[in-house]
Enquirer: 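Dropping the structure in here first, questions after.
Counting starts at 1 for both ligands and their atoms, in listed order.
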Amino acid sequence: MHNPQDMNPQYLEDLATGYWYSEVLFTAVEQGFFNRLEPGGKPVAELARELKYDFGSLKRYIHILSTLGLVFEADGYCTNTKLSRKYLIQGTEAYQGDSILWRKYLVEHWKSLHQCLEKGTRVLLPPMDEPEEAVKQRFRRYCRAMDCIVKNKIGQILPIFSQLKLQGNILDVGSGLGAFSTEFLRQFPDTKATLLDMAQVLEYAEETHAGRAYADRIQYRPTNILEPWELQKKQYSLVILSNIVHAFAEAETGHVLSEAAAHLAEDGLLIVHDFFMEHKPEKAALSDLNMLVNTYNGKVYTAAWVRQQLRDAGFIATEWIPLESDTAVLVAAKQSKKLADLCISALQQLSVQIQNLGFQVVKPIEVDSIHVPEWVGLKCEFGCDGYNLPHCPPNSIKPEKTRALLKDYSKCLLLQGVPPTRDFQRMVLQAERTAFKTGYYKAFSLWAGPCSICPKCGGRGNCKNHKDARPSMESAGIDVFETLRRNGISLKTLPEKDDYVKYFAILLLE
Ligand SMILES: C[S@@+](CC[C@H](N)C(=O)[O-])C[C@H]1O[C@@H](n2cnc3c(N)ncnc32)[C@H](O)[C@@H]1O
């Protein structure tokens, strides 16, 4: 997808056609397209007969599936790619079709966005006279969809707890089918789990787990979690709130957190797994609207707000821990020493601290991906007003020195922010100081644009503020465009001076 920095309507066209992608995927999943290709693929002609599709149209459809990396097609023969074989074959453990088709079901609700914005709440409700069996099946589809999604996250969450010897009772609040807590049961044999959810959800959960090795370690307690929980207080060593906070408005979330606090053992841990506005901001904001159109009063919060609620409920909480996917985790405890055994990498913690300073993106990148060719200095000398400024060429680091400097480091962060230049550069200095205080004593930053830290620059050879001055990436010979491209960020030259601008910096750590 193009981005707003591209000063042409292509970005808008890409936004407008976003649903084309969804429809391609929905159709394939709905028609069991990927199952039909197993095992070993199928001639396109045979597929056309099976699906009763027009042969020529199917070839065009397969062409886009192949462009999207979902199938291979050669000489009239079509096979699944690794991705579709792993996630799109119905009946397999990692199948994602249930959540994909739930997204399709929600399309109608999204079409009511305009009315929801007017009314300030969802406007589409299931029909009052929906037959009981239809309600049950809809609920089950929803449960399977949630289960699919959380199964993908849990593998990223469990490592945080890998150094703990977790024992005792786990309380999974608004558990759905319980994919979250049952993975903890598998990992920690001395635990038992209690699932709290609505009766019809738990009935399905019980069916799902029947016969599994851990099944007799699960208790099902139908509960309205917005009312007092009728469970023994202070007896749970782990309380899980996965995708629950976003389901409710502020006051209800407060109730859930205070019940969680009341039921957690003094030395227990609370996990909040959710979307947070700070993490993957676009997806979080879209998920927030998804709550507007699909729930009574759900919304996506900032991690800062949830941490404050946790503090108000008597907890000490970690910073939000980003998952590779679109959600993040907060872990809280009544005793701070309980958080010390969590496996949160120093770099992960630092990235979040730095992102909280106000950067749009903070991304660990390979130092080797920083590209320092010979030509960059020429662009400074011929064609830039900044030439000869105190920290621009020829008063800056030569490319050969930059290459040598990079050899001293193995870890670094790419920072993305917005103008004005001085504010951005000040934030970069704050990031560098945060890293230094955290123990990265070699922390050093290179930013975007000529040094603009002082309101009045001393001029060539007269820098009065060496403490705060830093070189720009380009003045040190770094090809910023290529470096960003190597790290999955596309940057275009700006056709107009007042275009939407992104600023970047590199923070070398150790
Ligand atoms: C978004 S799902 C999250 C499920 C699971 N924890 C996960 O992460 O996939 C929200 C769950 O909360 C349950 N829930 C919502 N409101 C509830 C209430 N008032 N009482 C009990 N459960 C509720 C829903 O039935 C659903 O299973």
Enquirer: Between S175 and ligand 1, which residue portion shows a heavy-atom distance shorter than 4.0 Å: side chain, backbone, both, or neither?
Expert: backbone
Enquirer: Is there a polar contact, in the sense of an N or O pair closer than 3.5 Å, between F180 and ligand 1?
Expert: no
Enquirer: Quick one: does ligand 1 sit under 4.0 Å from the side chain of V150, the backbone, both or neither, non-hydrogen atoms only?
Expert: side chain
Enquirer: Got a donor-acceptor contact below 3.5 angstrom from the E73 side chain to the I62 backbone?
Expert: no
Enquirer: For the 3.5 Å polar cut-off, considering only N or O atoms, please tell me whether I244 and ligand 1 meet it.
Expert: no
Enquirer: Does an N or O from H273, backbone or side chain, lie closer than 3.5 Å to an N or O of ligand 1?
Expert: no
Enquirer: In terms of side-chain geometry, is the basic nitrogen of R140 or E207 positioned less than 4.0 Å from the acidic oxygen of its partner?
Expert: yes
Enquirer: With heavy atoms under 4.0 Å as the rule, classify the contact between F248 and ligand 1 as side chain, backbone, both or neither.
Expert: side chain
Enquirer: Would you kindly specify which portion of N224 sits under 4.0 Å from ligand 1, judged on non-hydrogen atoms: side chain, backbone, both or neither?
Expert: both
Enquirer: Could you check whether Y301 and H246 have their ring centres less than 6.0 Å apart?
Expert: no
Enquirer: Without swapping roles, check the side chain of S287 against the backbone of N290 for a donor-acceptor pair under 3.5 Å.
Expert: no
Enquirer: In terms of residue, atom name and distance, what is the protein heavy atom nearest to atom 20 (N) of ligand 1?
Expert: I225 N, 3.0 Å
Enquirer: With distance as the sole test, does R141 use its side chain to make a donor-acceptor pair with the main-chain N or O of S99 at under 3.5 Å?
Expert: no
Enquirer: Which of the atoms in ligand 1, numbered in the order shown and given with their element, are less than 4.0 Å from a heavy-atom of G176?
Expert: 4 (C), 27 (O)
Enquirer: By number and element, which atoms of ligand 1 are closer than 4.0 Å to a non-hydrogen atom of G174?
Expert: 3 (C), 4 (C), 5 (C), 6 (N), 11 (C), 12 (O)
Enquirer: Answer side chain, backbone, both or neither: which part of Y142 comes under 4.0 Å from ligand 1, heavy atoms only.
Expert: side chain
Enquirer: Determine whether the aromatic ring centres of F184 and F161 lie less than 6.0 Å apart.
Expert: yes
Enquirer: Which atom pair, heavy atoms only, marks the closest approach of C148 to Q96?
Expert: O-NE2, 3.7 Å
Enquirer: Closer than 4.0 Å to some heavy atom of V201 - which atoms of ligand 1 meet that?
Expert: 25 (O)
Enquirer: Quick check: D147 and ligand 1, any N/O pair under 3.5 Å apart?
Expert: no
Enquirer: Any sub-3.5 Å donor-acceptor pair from D197's side-chain atoms to L202's backbone N or O?
Expert: no
Enquirer: Please confirm whether the backbone N or O of Q31 pairs with a side-chain atom of R36, one donor and one acceptor, at under 3.5 Å?
Expert: yes
Enquirer: Looking only at N/O atoms, are S242 and ligand 1 under 3.5 Å apart anywhere?
Expert: yes
Enquirer: Between the main-chain N or O of L177 and the side-chain N or O of H209, is there a donor-acceptor pair closer than 3.5 Å?
Expert: yes
Enquirer: Just jot down the ligand 1 atoms closer than 4.0 angstrom to any heavy atom of T223, in number order.
Expert: 20 (N), 21 (C)
